[in-house]
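One structure is given below, encoded as structure tokens.
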Number of protein chains: 2
Amino acid sequence: MKFAEQLKALRSELHLSQDNLASQLFVSRQAVSKWENGDGTPDLKTLVKLAEILHVSLDTLVLGTKPATGDHIDSSVFVYNPTTGEYERRRGGMNFWDFLAEYWWTVIALVTTIGIFFF
Amino acid sequence: MKFAEQLKALRSELHLSQDNLASQLFVSRQAVSKWENGDGTPDLKTLVKLAEILHVSLDTLVLGTKPATGDHIDSSVFVYNPTTGEYERRRGGMNFWDFLAEYWWTVIALVTTIGIFFF
DNA sequence: TATTTGCGCAACTGTGAGTTGCAAAGAAAG
DNA sequence: CTTTCTTTGCAACTCACAGTTGCGCAAATA
């Protein structure tokens, strides 16, 4: 989420003041200030207008990605269904125990740390 | 703003239920329903996660622009599980902080319980 | 038939996006 | 050096709407 930095950088590149940009988006000047300081994010409609004004893609504006869209970590879980012959997303998704199975060590560390703190 | 249609289309392509998708985003099933029916839009953070899960760029997801890279299921990542007899995709890393944001109370409860146990 | 799964709608809640108001730093003019 | 104008950040407030719970209803599935 490089949005805040991207916004500030792109705005200065175009030599726009927060006030000027805000008026184009029909929001208050302070709203833009918040976005740039990471104290909030615009709603989707405003975000799209913002990308247009700054002449960048949504990915560039929000993620700071260069024109080429890079791939990302895939966290999906698919299973092959023999009856349908299709790949289906496994049901259930994430739950607490799935999490514990992967991060039990973090929980242990956390408990230990807090334990030490109290002793 | 093709977001609603895009979401519905992309979700079905991946054979995901609203419920399944919602759990991955740590939101309620009905929230996803609203998005698809144009009765609302996700916040920026959720939108980014959504794009990742659906394997599309933000521009594709929000505006419906054609992606440069054609995305299809890569069979090389599927592994055969002898015990279940199914082809499964290895689980990727999940976002620790997203989880904490949702289940911090559970963690607190857990820590407290264990703390009490030791005292 | 009963049960499960997937989805939509109504009603409610609370958060945070956007607002107004105040203040400060820097530049430019007088 | 003051005055004024521009640009910006922060605090406090409000209310729109993102997200929630709860209910109902099809369509599969057992």
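Proteins come first, then strands; the chains are lettered A, B, ... in the order of their sequence lines, and each starts at number 1. Note: hydrogens, waters and symmetry copies are ignored here, and every other heavy atom, side chains too, is used.
Judged by distance alone, the side chain of A:Asp19 and the main-chain N or O of A:Arg29 form no donor-acceptor pair under 3.5 Å.
When rounded to the nearest whole Å, the span between CG of A:Asn37 and P of C:dG16 equals 17 Å. Rounded to whole Å, atom C1' of D:dA18 lies 14 Å from atom NZ of B:Lys49. Between A:Leu50 atom CG and C:dG18 atom C1' the separation is 15 Å, expressed in whole Å. Note: CG (B:Leu14) to P (C:dG6) measures 15 Å, nearest angstrom. Between B:Gln18 atom CD and D:dA26 atom C1' the separation is 14 Å, expressed in whole Å. Atom CZ of A:Phe26 is separated from atom P of C:dT19 by 12 Å (rounded to the nearest Å). As a whole-Å value, the separation of B:Asp39 CG from C:dA10 P is 9 Å. One interatomic measurement links the two molecules: NE2 of B:His15 to P of D:dA28, which rounds to 16 Å at whole-angstrom precision.
Note that the CG atom of B:Leu58 and the CD atom of B:Glu52 stand 9.0 Å from one another [nearest 0.5 Å]. A distance of 8.0 Å separates OG of A:Ser23 from CG of A:Leu25, quoted to the nearest 0.5 Å.
Residues B:Leu7 and B:Leu54 meet the side-chain proximity criterion, which asks for heavy atoms closer than 4.5 Å. Residues B:Leu44 and A:Met1 are in side-chain contact: their nearest non-hydrogen atoms beyond the backbone lie under 4.5 Å apart. Considering only heavy atoms from C-beta on, B:His55 comes within 4.5 Å of B:Leu14 through its side chain.
For the segment residues 28-36 of chain B, the set of residues with a heavy atom within less than 4.0 Å of an atom of DNA chain D comprises B:Ser28, B:Gln30, B:Ala31, B:Lys34, B:Trp35, in numerical order.
Listed nucleotides: C:dA17, C:dT19, D:dT20. Nearest to the side chain of A:Asp43: C:dA17.
With no hydrogens or angles considered, no side-chain donor-acceptor pair links B:Asn20 and B:Ser17 at under 3.5 Å.
Looking at heavy-atom distances under 4.0 Å, A:Lys45 makes no contact with the nucleic acid at all.
One finds no side-chain N or O of A:Lys8 lying less than 4.0 angstrom from the OP1 or OP2 phosphate oxygen of D:dT7.
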